[in-house]
Amino acid sequence: MTEPDFTLSAGPTMAPPRVLAAQAAPITYHYDPAFLEAFRRTERKVAELFRTKQDILLMQGEAILGLEAAARSLVRPGMPVLNLVSGVFGKGMGYWLAAFDAELHELEVPYNDSIDPADVDRFLDEHPEIELVTVVHSETPSGTLNPVGEIGPIAKRHGALTLVDCVSSLGGIPIWPDEWQLDVCVAGPQKCLAGPPGMSLMSVSDAAWEKIRANPSAPRASFLSMLDWKEQWLEAGKFPFTPSVVDLHGVEAACDVILDEGLEASFERHERAAAACRAGARAMELELWPASDGIAAACVTALAVPDGFTDVQVRDHCRERYGVMISAGQGAGNLVRIGHMGPTARSLYPVIGLAAVGRTLADLGAPVKIGDGLEATLAALSHDDRVSAPTS
Ligand SMILES: *Cc1c(COP(=O)(O)O)cnc(C)c1O
């Protein structure tokens, strides 16, 4: 098959030219002074994106590695942990926690809904023994957002640490480890940052390091060891192993693109693209997957697939007939997702995504009001004179 014309997936997403160019830089020895400088610079840029004074850990593997490393490092057998589940990634964290022999407690809501902080507060009141709360910020498969800004301080007040999956948030949706009192946050470069997949961008609080150091089960001499990175690289300037030289340059360029644009401008752009897409989907008479707009994530619009059709069928038809790559439901339900990440959260990309979904459903025989939908999206975008503000 030929390359797609538009990658409007839920990540990896289209990377801007600056990222692509950076990935073509010469491959250097990892102790080359220029590479060492680039690595430290990139850590500082990721810290800027998180607006944090905490340690930044750039682990060398797609964000699942960072999430697993954090869970393994924090959890010791028998530790009481509260896992908040509102979707596929929250559920997956629970499987890990159980496998690492945590004493697992879960608060679960339907996969089109979001966690109520009051429920977390009540649960922690009733279970003061909980030492760790795990939560997903942007549940990408469901297109929903959890109120991590409220959950962080609640956990802290109850003496529990937090581990946050913000893989799809960084750069596109506000996530503030310091202000929200979060202990370990794990982000990915291939979502709103529009960089290459292959690294885990993490913030780690002093309290988290203390917990990890005190945990005899925390990985050591392992690809999954956060402590190895802390002691060898952050403290002694020696890499535990050769980092991903090419991806590091791509991640730095991806940070530069967002920092040059300005974080707030980037957040607003992602929000506008998602709002325009939602307006169009409604006018097209499609059903939005999230229970309310208030919990809809800005990085992806999730649309329920009409009865009688499947998510994979819609995704594949979009790609094969129109060259537009969108995402299916990834286990969250019968839904498809149009990504608004990095470059695809600007210009008329939301129109293209919605046109592809609408026309696909019509081709398959579903009743949709394509024209009304596209008009509504275009109208929403036309109200904004920054719609094509360059990002690279
Ligand atoms: C993308 C993503 C991950 C990484 O998972 P993959 O299956 O490797 O893509 C983890 N958590 C969330 C919320 C994500 O969006």
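For the single chain, residues carry numbers from 1 onward in sequence order. Values below: every heavy atom of this structure, side chains too, minus hydrogens, waters and symmetry copies. Everything numeric here is computed off the predicted structure, so don't read it as measured data. Counting starts at 1 for both ligands and their atoms, following the listed order.
The ring pair (Phe, Tyr, Trp, His ring centres under 6.0 Å) check on H30 picks up F239, with sequence neighbours excluded. Applying the side chain to side chain donor-acceptor pair (under 3.5 Å) test to Q330 and every residue at least two apart in sequence or in another chain returns R337.
A salt bridge is absent between E375 and K369: the closest approach of a Lys/Arg side-chain nitrogen to an acidic carboxylate oxygen does not fall below 4.0 angstrom.
The aromatic rings of W176 and W180 stand perpendicular to each other, their planes meeting at an angle above 60°, with 30° marking the opposite boundary. Ring planes of F123 and H105: perpendicular class, angle over 60° (limits at 30 and 60°).
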Can you produce the list of protein nitrogen or oxygen atoms under 3.5 Å from a nitrogen or oxygen of ligand 1, alongside each distance?
residue, atom, partner, partner atom, Å
ligand 1, 8 (O), E62, OE1, 2.8
ligand 1, 8 (O), E62, OE2, 3.1
ligand 1, 11 (N), D165, OD1, 3.2
ligand 1, 11 (N), D165, OD2, 2.7
ligand 1, 15 (O), T140, OG1, 2.3
ligand 1, 15 (O), K191, NZ, 2.7

I'd like a table of donor-acceptor pairs (distance under 3.5 Å, sequence neighbours excluded) in which one partner is a side-chain atom from residues 287-295, with atom names and distances.
residue, atom, partner, partner atom, Å
W289, NE1, Y111, O, 3.1
D293, OD1, R282, NH2, 2.8
D293, OD2, R282, NH1, 3.1

